[in-house]
Amino acid sequence: MKITTWNVNGIRAAINKGFIDWFAEASPDVLCLQEVKAYKEQVSEDLTQVSGYHQFWNSADRPGYSGVATFTKTKPIEMTAGFGVEAYTGEGRTIITKHPRFYLFNVYFPNGQRDQGRLDYKLGFYEALLAYCEELIAAGNEVVITGDFNTAHREIDLANPKSNEKNSGFLPIEREWIDRFLERGFIDAFRALYPDKVQYSWWTYRFGARSRNVGWRLDYHLVTKGVMDRVKDVIIHDDVLGSDHCPVSLILKD
DNA sequence: ATGGCCAATTTTATTGGA
């Protein structure tokens with residue numbers, strides 16, 4: 001089973017750059033998209049009526065901003081757009097689907113760059129999402145959180161850690177929230193398999209960053225132990241173009 | 001590495017991204 005996440009930075013632009021062909025070729029069992037930057041009605045039927053998938057969209061409350069979508073070959077047991085905290089429901093950042101062996105969170109975590117208010121919003125979002133996940137775990141569920149975390153966890157996860165210590169995305173207070181997810185039982189599946197591997201999933205469009213591989217690893221699969229036991233591989237598809245992020249796939253047994 | 005980008009809407013400027 002392959003669960004792929006991709007921040008497409010505008011699904012309409014990505015479609016113009018070959019997204020539909022990539023989707024058909026990659027053929028993931030589940031595809032979690034972030035930053036679709038569109039309402040479903042604005043998107044080509046090549047995607048919104050693609051055969052072989054159920055699809056769920058959670059767009060933002062304003063045009064051209066944020067928005068997530070989840071595609072599944074098998075119909076989920078349940079689907080919800082939010083996780084019950086009103087402050088975090090309007091920006092189209094989450095889709096939660098229940099599958100036979102786990103809950104899957106498709107998440108576009110907020111960007112904290114703009115000002116203190118957005119940083120506070122981002123940190124509050126981490127806190128509220130983790131609290132919700134802990135309830136599911138306490139009730140005996142396994143959980144997969146995937147998407148754009150908008151934070152690089154450790155120095156190995158970005159090309160220039162020293163010069164970014166005071167920039168949102170690598171602030172200690174943001175990194176500590178990733179620590180907290182791990183303390184509460186989540187495992188960073190890529191890092192667990194590849195403790196020393198340097199590979200990124202986002203590069204700024206500026207500075208020729210991608211061609212020089214000056215990037216950040218921002219797109220993760222955090223999984224609970226029962227899921228980790230079934231992980232075969234995690235693949236960062238850094239050869240796939242079409243966005244400033246690249247897709248990342250979690251491969252599970254069966 | 002100085003400055004260099006891109007998507008989408010509010011469109012020939014502005015906002016947001018990280």
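Here the structure is a predicted model, which is why all the values come from computation and not from measurement. Residue numbers begin at 1 in each chain, while the letters A, B, ... track the order of the sequences.
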Dump every N/O contact between nucleotides 5-9 of chain B and the protein below 3.5 Å, one line per pair.
from, atom 1, to, atom 2, distance (Å)
B:dC5, O4', A:Tyr205, O, 3.2
B:dC5, O4', A:Arg206, N, 3.4
B:dA7, OP1, A:Lys17, NZ, 2.8
B:dA8, O3', A:Arg12, NH2, 3.3
B:dT9, OP1, A:Arg12, NH2, 3.4
B:dT9, OP1, A:Gln42, NE2, 3.3

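Counting non-hydrogen atoms under 4.0 angstrom, A:Arg114 reaches the backbone sugars and phosphates but no base. Among the heavy atoms of the strands, none lies under 4.0 Å from A:Phe109. A:Asn7 comes within contact range of the sugar-phosphate backbone alone, with a heavy-atom separation under 4.0 Å but no base atom that close.
Between the OH atom of A:Tyr121 and the P atom of B:dG16 there is a distance of 13 Å, given to the nearest Å. If you measure from atom CZ of A:Arg210 to atom C1' of B:dG4, you get 18 Å, rounded to the nearest angstrom. One can place CG of A:Asp115 at 15 Å from P of B:dA18, the figure rounded to the nearest angstrom. The CZ-P distance, from A:Phe125 to B:dA18, rounds to 13 Å in whole Å.
Between A:Tyr108 and the phosphate of B:dA18, there is a side-chain N or O to OP1/OP2 separation shorter than 4.0 Å. Note on A:His245: a side-chain N or O is less than 4.0 Å away from OP1 or OP2 of B:dA18.
In this structure, A:Arg62 has no side chain to side chain donor-acceptor pair (under 3.5 Å) partners at least two apart in sequence or on a different chain. Every residue meeting the side chain to side chain donor-acceptor pair (under 3.5 Å) condition with A:Lys73, not counting sequence neighbours, appears here in chain and number order: A:Ser27. When the ring-ring contact (aromatic ring centres under 6.0 Å, His included) test is applied to A:His99, the partners found at least two apart in sequence or on another chain are A:Phe102. Listed by chain and number, the residues in a ring-ring contact (aromatic ring centres under 6.0 Å, His included) with A:Tyr220 are A:Phe149 (sequence neighbours excluded). Legend: residues meeting salt bridge (Lys or Arg N to Asp or Glu O under 4.0 Å) with A:Arg230, ordered by chain and number and at least two apart, are absent. Partners of A:Gln42 by side chain to side chain donor-acceptor pair (under 3.5 Å), not counting sequence neighbours: none found. Partners of A:Lys225 under the side chain to side chain donor-acceptor pair (under 3.5 Å) rule, at least two apart in sequence or in another chain, are A:Asp229.
A cation-pi contact, defined as under 6.0 Å to the ring centre and within 45° of the axis, is absent between A:Arg210 and A:Tyr205.
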Problem - Stepwise ring pair (Phe, Tyr, Trp, His ring centres under 6.0 Å) test for A:Tyr53 and A:Phe23 - result: CA-CA 11 Å; A:Tyr53 286 91; A:Phe23 191 10; 4.7 Å; yes

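Applying the side chain to side chain donor-acceptor pair (under 3.5 Å) test to every pair with at least one member in residues 123-133 of chain A, sequence neighbours left out, gives these pairs: A:Tyr126-A:Thr151.
The same atom, P, is picked in B:dT14 and in B:dA18; the two are 22 Å apart, to the nearest Å. Atom name C1', nucleotides B:dT10 and B:dG16: the rounded distance is 13 Å, in whole Å. When the C1' atom is compared between B:dC6 and B:dT11, the two are found 15 Å apart, to the nearest whole Å. Going from the P atom of B:dT12 to that of B:dG17 covers 22 Å, rounded to whole Å.
Listed by residue number, the members of residues 163-175 of chain A with any heavy atom below 4.0 angstrom from DNA chain B form an empty set. Less than 4.0 Å separates DNA chain B from at least one heavy atom of each of the following residues of residues 144-152 of chain A: A:Asp148, A:Asn150.
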When the side chains of residues 244-254 of chain A are checked against the rest of the protein, which donor-acceptor pairs come out under 3.5 Å, sequence neighbours left out?
from, atom 1, to, atom 2, distance (Å)
A:Asp244, OD2, A:Trp202, NE1, 3.1
A:His245, ND1, A:Asp219, OD1, 3.4
A:His245, ND1, A:Asp219, OD2, 2.8
A:Ser249, OG, A:Thr4, OG1, 2.7
A:Ser249, OG, A:His237, NE2, 2.7

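Looking only at side-chain heavy atoms (C-beta outward), A:Arg212 and A:Phe207 come within less than 4.5 Å of each other.
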